Structures are given as structure tokens and as C-alpha cells.
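Note that the structure is predicted; figures quoted are calculated from it, not measured. So you know, we letter chains A, B, ... as the sequences are listed, proteins then strands, and number each from 1.
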Amino acid sequence: MQPATCNMQMSTNQRIAQLLAETADLMEIAQEDGFRIRSYRNAAAAIEGSPEQMADILADPRRKLTDIKGIGKGIAFVIGEIVERGSFERRDEMLTRYPPTALELLKIQGLGPKSIGLLWEHYRVSTVDQLEALCREGKLRELPRMGQKLEEKVLRSIETYRRGAGRFLLSHADEVAQSLRDWLSQVVPAQRCHIAGSLRRSKETVGDLDLLVESENPLLVLDRFVASPEVGEVLAKGANKASALVGRQQIQVDVRALPSASLGAALQYFSGSKEHNVALRTRAVNRKLSLNEYGLFREGDSTPVAAATEEDIYGALGLAWIAPELREHSGEIESAEQGTLPTLVELSQMRGDLHMHTRESDGRGTLEEMALAAKALGYEYIAITDHSKALAMANGLDEQRALAFARLVEQVNREGHLGIRVLSGIECDILRDGRMDLDDEALAALDFVVASVHSYMNQESGEMTQRLLRAIDNPHVKAIGHPTGRILLHRDAYAYQFEEVATACAAKRVAMEINASPERLDLHASLIRGAKAKGVRFVVDTDAHHPRHLTNMKFGVGMARRGWLEAADILNTQSYENLRKLLRP
DNA sequence: GCCGTTTTCGGCCCGACTGTTTTCAGTCG
């Protein structure tokens, strides 16, 4: 497998985490000590969730990597090696024993590290193509504990894998979940059907869907589930749990039926993340308790200490309840212990949406349609931010049209017939050299200028950094739109020095956007935390191109929550008057 | 390889489901 390209300097943490995790996978195939493997994985997770760059800590003689929980002497050394030369000894050694393509085989459902190791030993099989051939020839069944059924399962898994299945947009998972909930409501009230897993945590992409259904009659629930017209292949169906591939995109859905008395334990358990849960269970063990999906138990006692609600479970472990979005084992347990968890922003606190398009450029609604849809959501204000002229394909506005638009908005607000305040805005292209696409006179006439990169995204990091810094220097720019440019499952973030740009945003009072479009969800949670630490303020906006896209705000708020943001960190939770005061003058 | 409110050594999270067995290992979440 080609390691995911990671072209941002700012994502070296991600790169380090990826190398550690990949090496852990290879060590697992080699059947090395499981605890050592787990240490590598723990360290990878700790690094990925860290708002601070490992390289920065290394460069600072006053700091030590080993102060980070999960990083000891050994891995600190490894990180140093990675920063220095892009790899480390143990990884190099593993790669001489197994080809990197073997990692790809881990993505095939039904095959784990043991089997992959065995396949390599016996047949020197290390690619999906070779594996497929082996199954078709019926050779898999010649290995111990493998049979015809496994061959069939692997062939189906390969097909799913090749279809590009794996990760899904949050919005897709959300739709499937809602529709299954409706379908199950025939046998169990919708409020007894709970979403868990990474969807509940608002992770930007979702691998599978976990539904928990409170019911005294599991069979009824599971039968109803697999009978759904959306359900394709049923992967497993037992007494309490069923798994199936659902919908055209074949997302895997796991449905578990359980009694209400253990709902809290099950919600906690199946919401993850895995790292958070491991940490929580370790905490339980340290207190002579044991935590599983049925409850928190004292040794040798089958009556749970806590089980019915998540609050009970966290409480019994000496912790405040932790919002699912924070459960990534990146400091939330310590905060819950000390009572310093943030009061996370809520969707209901959003008072406006400051990035949307109309038919004037590439949107599908009119100003009136967008305004009325926003009003129906309870907003006090919106900014219409059509594209600027550099995006000719999108019919972007030139100076003349922008000025005319500003006058039109003034008139609309004067008349007041829409019942919602409209800000005249623009999503102005940041040109190749960092200049704005529109002249200062036009920008000055507008209420809200979002500056975005839409071109030359492959610039060298230093150049891109300078480009963004120059844009932030423009006194009319109020926010940086979709700051990393990533398109989920499709395009990586463009390369630049994020920290430097965030520092400049804080200093110049330019907001960073958290783009709520499900294809973007840009910024990533760890960057949000990093930027907040630098003093950056944010706007959470939908970038709607259609009135119905305005409801995507919930995904953006989910990202903000994953970034530990409170309402005060976000400008468009503020009243119109406050917003005007807080925006760069 | 990491870690310490029993520990600087000796621990390290937990259960369901499946398929191939002949009592359970591997995978998954």
C-alpha cells in the first residue's frame, strides 16, 4: 500500500503517527509481542491527537517528548529518527521482512494479522490480486483453520474493498442511520434506537455504523433489520447482534439489541473511540472494577455498580460525563477528572451562517431563498458570499457586480421584508501571489470578506504560507475560508506552515473558518485545537450552494466540538451587534 | 514498549460471532 501522501508540514504529527501505526501492523503480522505493538499504537494515537508538533517539542531543549502520556524513552527516540530521516530502524527492518503491500491485506475483512502472516509464510502472498487468485484456486483452504467459507468471504470482501468501500462521509452515515431508525420504528420507538460509534463522535469520515436498540425482544429487532430493503449482504446474525452491508454504498451497519438497564454501558462502549475506551477500562481496573458493554462491575459481583446511563458510568469512575466528540484519548479524561472540560458549543447557539452562495455565482438558490431558509432555521443573520471573478467557471463577481451587490443588500436590509439581517459578502479568491482577486474599493464596500484558495494548490509550502500571510494582511479580509483545502476521501490539504498562519490570524483578528460542508469539514479537529491555543477565533459556516445545504451546520458544529470549542470561540454564535464588534474593524 | 493512589518489575481491556474444530483460535469492534 502506498502510504497516504501527507504533503503538509503541519501534518508531520500525522505522518509520525502513521509510520508508528503501520509498523505496529507489520509487527502484528510478524506476531511480535502484543503489548509492545499496543505501545506503538497508543503512541500513534497520542501523537495524532496532540495539538503540538512533535518536531517543535524536539527542537525545544526545555521540553521532553516523554512528558506526553504514551511516549517513553524508546518511542521518543523513534520520533527523533523519523523527524530526522523520515523512517526508523524497526520500520526499515520490518519492511525487509514483509513487503509494504501486506498492510493492504489488513483492509480485507475476515483476514487478520495471523492469517496474513501465514499467507506470506506459505505462499508469499502479499497483494490483494495474489490473494484473490489464491482464493479462486481453492488454495486458502489448505492452510490450518481456513476453509471454503473463508475463501468465499474473502472474495466478497475483496470486491467490497475494490469498490472503494472503507470510509464514508459523515453525511452519508447520518442519512443511512436516520433511514434505518425509521425502518426499525415499526418494531421499536425511534427514541429507543441510538446512534453510537464514530457517527456519534462526529468523526469526519465513518467506517461503519453502530446502532443500539433498547428492546426486550432482540430477535424481533434483528429480524426487522435484516429484512430492510436497504440491507444487502448479511455478514453475521446472532442472538443479540447483526451486521450487514446497507445501501448503494454498502456501508457496514452493526445493530445490537439490549435491555434498557445496560443502555449507558453499551452507549459508552460502542461510541468509542477505542483508545478512549481502553483508557477508561484501564482506569476501571486500577479501581478494582471491570468495565464492559453491560456495565461497570466490582470483582466477583454480577450486580453492576453503574450501567443505565453514561453519566453513572463516568461518575462511578470519578469523572464528569464526557461529550462523545471529545472521546479520542487526547486529554479529555484528565480534564473530566479535574472538572475542566469545556462547555462545548451547541448547534442551537448558532445565530447565523456567514458563507453561502447564490445563483449569482455557482449556487442554486436566490438571495431571498437562502435568507428565508436561514430564517426558518432560527438565524438572526447571514452573509451571502458568492465567488469572485477568478472563478470564471462559477461566474464569479467582478468589482462592478460586487459593488452593485453591496447596494442591493443595503436596500434589502432597509426594506426589512426578509425578517433576517443580510450581510453583503464575497468569497474572494486568494490569487497565486497572495493578492486578493478584487480591488480594495470593492472589498471595502462589503460587510464580510472570506478569503479562500481555489487555485495553484500544489504550491511549495513556503510559497503557500507567504500567499496566505499576504491575504491575512489585507485589511478587508475577515476570515480564511476552508483553511486547508482538503476534500475528504479525495484530496489532501495543501502544504503550508499552519502554525505561522494561525498566529497571523490571531494577531490580525482574522477568523478561521470551520467549513461545515460534509465533503470538506475543514478544519480538522487537531488544527482547531492548535489554532485556538494561538488565540484564533472561528466562524462555522456551511458554504451552502443550495438552501437545503444550510442544515449542514450540524456537521460543522460537530467539528468545532471535536476541536474543544466553546460558543465564545465562535463569532457566529454572537448577536449581530457583537459580531460586528468582534470582526476585524 | 509503557507505566506506577498496591508496582522501577510485572503487569498491561473485554466479549460476540464464526468457522473449523473435536475444545477453540482468529477476527472484529
Applying a 4.0 Å non-hydrogen cut-off, can you work out what [X] is touching in the nucleic acid: base, sugar-phosphate, or nothing?
X      : value
A:K153 : nothing
A:L291 : sugar-phosphate
A:R287 : nothing
A:I116 : nothing
A:F270 : nothing
A:S290 : sugar-phosphate
A:N240 : sugar-phosphate
A:G197 : nothing
A:Q148 : sugar-phosphate
A:I37  : nothing

[atom1]-based separation of [M] from [N] [nearest Å]:
N      : M      : atom1 : answer
B:dC9  : B:dT18 : C1'   : 39 Å
B:dA16 : B:dG11 : P     : 26 Å
B:dT5  : B:dG1  : C1'   : 23 Å
B:dT23 : B:dG19 : C1'   : 14 Å
B:dG4  : B:dT8  : C1'   : 8 Å
B:dT7  : B:dC12 : P     : 16 Å
B:dT27 : B:dT21 : P     : 15 Å
B:dA25 : B:dT6  : C1'   : 34 Å

If B:dG11 has a Watson-Crick or G-U wobble mate with both distances under 3.5 Å, name it; if not, just say none. B:dC2
For A:G556 and A:V540, which heavy atoms make the closest approach, and how far apart are they? C-CG1, 3.6 Å
Side-chain donor-acceptor pairs of residues 168-179 of chain A under 3.5 Å, sequence neighbours excluded:
| from | atom 1 | to | atom 2 | distance (Å) |
| --- | --- | --- | --- | --- |
| A:H172 | ND1 | A:Q249 | NE2 | 3.3 |
| A:D174 | OD2 | A:K554 | NZ | 3.0 |
| A:Q178 | OE1 | A:R181 | NH1 | 3.4 |

Student check: side-chain heavy atoms of A:S198 and A:L209 closer than 4.5 Å: no
Where along [range] does a heavy atom come under 4.0 Å from DNA chain B, residue by residue in number order?
range                       : answer
residues 57-65 of chain A   : none
residues 200-213 of chain A : A:D208, A:D210
residues 118-135 of chain A : none

Checking [X] side chain against [Y] main chain: does a donor-acceptor pair fall under 3.5 Å?
X      : Y      : answer
A:R167 : A:T205 : yes
A:S228 : A:F225 : no
A:R256 : A:V213 : no
A:N42  : A:G70  : no
A:Y40  : A:L19  : no
A:T101 : A:S126 : yes

Any chance the side chains of [X] and [Y] put a donor and an acceptor closer than 3.5 Å?
X      : Y      : value
A:S271 : A:R200 : yes
A:E310 : A:Y269 : no
A:R529 : A:S330 : yes

With a strict under 4.0 Å distance from non-hydrogen atoms of chain A, what nucleotide opens and what nucleotide closes the contacted stretch of DNA chain B, reading 5' to 3'? B:dG1 to B:dG29
On the six-membered ring of A:W120, is A:R124 placed so that its NZ or CZ lies under 6.0 angstrom from the centre and within 45° of the ring axis? yes
5' precedence on DNA chain B between A:A236 and A:G110 (nearest-nucleotide basis): A:A236
With nearest nucleotide decided by heavy atoms, which residue, A:K241 or A:P144, maps closer to the 5′ end of DNA chain B? A:K241
With A:Y314 as reference, evaluate A:L319, A:L296, A:I333 under the side chain to side chain contact (heavy atoms under 4.5 Å, CB included) test and give the passing residue. A:L319
Checking A:R145 now: which residues fulfil salt bridge (Lys or Arg N to Asp or Glu O under 4.0 Å) with it, not counting sequence neighbours? none
